[in-house]
Amino acid sequence: MIRFEGVSKQFQINDQVIQAIDNVDLTVEKGEIYGVIGFSGAGKSTLIRCVNLLETPSSGKVWVNDQDIQSLSKENLREMRRKIGMIFQHFHLLESKTVFDNIGFPLSLAGEPKSKINKKVKELLDFVGLSDKANHYPDQLSGGQKQRVGIARALSTSPEILLCDEATSALDPQTTQSILDLLKRIQKEYNITILMITHEMQVIREICDRVAVMELGKIIEEGTIFDVFSNPQHVTTRNFVKTVMNDEIPSSIIRMIESKEGTKHIYRLLFEGNFAGDPILSMASKNHDVHTNILFGQITELQGKPFGNLIVEFRGEDSDIHKALEYIRETVGVKELNIDGC
Amino acid sequence: MDVKLTEFWPRILEATIDTLAMVGFSLLFALILGLPLGIILVVTRPGNLMENKLLFPVLNAIINFFRSIPFIILLVAILPFTRVIVGTSIGTAAATVPLVVFAAPYIARLVESSLLEVSPGVVEATEAMGARPWQIVFRVLVPEALSSLILNITIAVIGLIGASAMAGFVGGGGLGDLAIAYGYQRFETDIMIVTVLLLVLLVQLVQTFGNKFSKIIRRR
Ligand SMILES: Nc1ncnc2c1ncn2[C@@H]1O[C@H](COP(=O)(O)OP(=O)(O)OP(=O)(O)O)[C@@H](O)[C@H]1O
Ligand SMILES: [Mg+2]
């Protein structure tokens with residue numbers, strides 16, 4: 001478990017003070033995959049680096065497994081760091097050591113016996129699928145393979161927490177997917193708490209349980225993947241959600257609607273959970289004498305739950321439309337948004 | 001040719017051995033001093049492992065001071081110091097002292113530049129593993145920089161060969177001494193040519209060996 005309590009960090013460059021993180025409160029529960037997303041410079045890296053004190057907070061507290069990490073002695077901090085694995089965007093492997101020795105390095109630093117190191121490294125090589133590369137050097141590996149080595153290395157001390165700072169940002173989409181699958185497998189098999197930083201919403205949607213959106217050092221929105229993706233509150237969050245869920249009405253359709261006379265009744269219907277399969281629209285239309293015209297629609301899956309996003313134009317008498325909407329709201333509890341002009 | 005052949009080659013041989021001894025010993029001592037100094041320069045540098053706002057600038061200034069004195073002046077200037085250390089101010093052993101004073105700060109700088117090439121990210125990753133500072137120095141910085149260290153030390157050795165030839169000026173012995181004393185001052189041109197050729201050969205050998213060794217380390 002990781003808990004940030006009013007954590008702030010300022011950097012001073014000459015006379016200029018940069019507020020990298022600003023009064024952040026955040027709790028990552030044991031065994032969950034928690035994602036923090038934000039644009040470049042939002043303070044994500046600074047935040048994650050406070051967890052193992054690579055960066056010292058200017059104020060506030062960071063708790064790791066109910067230990068105030070800043071109160072630890074140097075020796076206890078080193079002990080704690082062994083329980084916190086970390087992987088990086090640019091891998092940071094030792095170029096002068098083989099894959100095998102890189103993976104065993106944290107254990108070797110901790111003074112573990114050779115036999116134990118050998119056993120653990122073999123097990124991890126197998127886990128990340130690099131057994132045949134044990135005696136290669138990092139510069140003989142592809143980016144994806146290097147990240148696998150980074151992951152295996154981070155796991156070698158059997159940590160309870162894994163910190164991932166842009167772990168897939170240097171990789172192509174396919175390799176990203178395979179690394180994400182690996183992280184998911186780690187979380188399942190070892191029940192590790194994973195805190196990951198990214199600027200790719202795809203990554204968050206793929207593996208996170210919860211997400212926080214960061215901007216200018218602050219957490220501006222936080223919640224389960226489903227809540228945040230289905231109903232983003234903040235403009236920045238909406239923009240991030242847009243990058244993976246195309247819910248914009250195509251401009252040609254907007255033009256077409258605008259060219260029409262009269263009042264327009266256009267609503268965005270958000271279908272959640274198990275209702276995505278129900279024929280509510282046709283029921284509403286049949287029972288209340290309205291016509292529905294689907295302008296745009298998409299059904300995706302978020303954390304294994306179907307999530308539908310429909311933009312519908314209703315035609316008919318105002319009172320009928322009102323009743324139809326009431327019906328839709330009651331029956332399936334969908335959220336509706338008047339999207340006129342947006 | 002005025003030089004008797006029976007004297008010529010033994011003299012050359014003796015001078016070569018003197019040069020090798022001078023370079024070898026001064027390299028040894030210069031490394032003993034320069035390696036730790038270079039490491040200290042890197043770890044006490046602002047923002048690094050054991051940042052030290054006093055030690056770093058002081059050490060930095062001292063090294064700059066010694067690095068800025070021309071060797072030929074250093075050679076003469078520290079004669080009293082040399083006499084205290086080795087008991088005499090002439091001969092091969094005496095030449096070693098100024099050579100060490102010359103090479104140690106040079107090596108410290110070269111070591112510093114090699115170690116600074118190691119990616120800060122790798123150092124940080126090791127910190128995140130719970131490594132102790134000395135583990136970071138000896139198990140990350142030095143091994144990661146080894147290949148570059150060897151190339152840089154090769155440069156230092158070549159610098160030492162050049163300086164050792166100058167050390168002949170204070171009767172230090174070796175190939176430089178031979179070239180100056182016989183070749184230059186007594187116009188025995190063939191001795192001068194042979195000694196210069198030997199110095200060229202020596203430099204070539206050292207550089208070739210350094211390159212090979214560095215490559216082997218890099219690619220193990
Ligand atoms: N060591 C430092 N010294 C001074 N300023 C820093 C330092 N580290 C970070 N900053 C500043 O703090 C702010 C947040 O940086 P941070 O690296 O946490 O952002 P980020 O969200 O990780 O961005 P990116 O996605 O580009 O990695 C930036 O304005 C950055 O310039
Ligand atoms: Mg970052």
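In what follows, chains are A, B, ... by sequence order, proteins preceding strands, each numbered from 1.
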Side chain / backbone / both / neither for A:E79 at chain B, heavy atoms under 4.5 Å: neither

If I measure from the heavy atoms of chain B, does A:S108 come under 4.5 Å with its side chain, its backbone, both, or neither? both

Can you tell me if B:I90 has over 12 outside heavy atoms packed within less than 6.0 Å of its CD1? no

Looking only at B:A125, B:S119, B:A145, the option with the highest number of non-hydrogen pairs under 4.5 Å against chain A is B:A125

Report, as yes or no, whether the 6.0 Å neighbourhood of atom CZ on B:F71 holds more than 12 heavy atoms from other residues, nucleotides or ligands. yes

Under a 4.5 Å heavy-atom cut-off, does chain A meet the side chain of B:V118, its backbone, both or neither? neither

Rounded to the nearest 0.5 angstrom, the CZ-OH distance for B:R218 and A:Y137 is 13.0 Å

At a heavy-atom distance under 4.5 Å, which candidate from A:L77, A:I84, A:L94 has the highest pair count against chain B? A:L94

Surrounding NZ of A:K61 (heavy atoms of other residues, nucleotides or ligands, distance under 6.0 Å), is the total greater than 12? no

Looking at A:H90, A:E75, A:K74, which one has more heavy-atom pairs under 4.5 Å with chain B than the rest? A:E75

Is atom CZ of A:F11 surrounded by more than 12 heavy atoms (other residues, nucleotides or ligands) closer than 6.0 Å? yes

Could you check whether any side-chain heavy atom of B:E127 comes within less than 4.5 Å of a side-chain heavy atom of A:M86, counting everything from C-beta outward? no

Go through the atoms of A:L93 and report whether side chain, backbone, both or neither lie under 4.5 Å from a heavy atom of chain B. backbone

Flag the one option from A:D139, A:L53, A:N52 with the top tally of heavy-atom pairs under 4.5 Å to chain B. A:D139

How long is the gap from CZ on A:R81 to CE on B:M129, to the nearest 0.5 Å? 11.5 Å

Atom CD of A:E189 with >12 non-hydrogen neighbours under 6.0 angstrom: yes

Answer yes or no: does atom CZ of B:F25 have more than 12 heavy-atom neighbours from other residues, nucleotides or ligands under 6.0 Å? no

Kindly indicate whether the side chain of B:E124, heavy atoms from C-beta on, has any atom under 4.5 Å from the side chain of A:R49. yes

Under 4.5 Å from any heavy atom of chain B - which part of A:L109: both

Under a 4.5 Å heavy-atom criterion, the part of residues 149-161 of chain A in contact with chain B comprises A:R153

For A:K184, look at atom NZ and say whether over 12 heavy atoms of other residues, nucleotides or ligands are found less than 6.0 Å away. yes

Check the pair A:K97, B:E144 against salt bridge (Lys or Arg N to Asp or Glu O under 4.0 Å), reporting the backbone distance first and the verdict last. CA-CA 8 Å; A:K97 290 188 165 51; B:E144 286 290 289; 5.6 Å; no

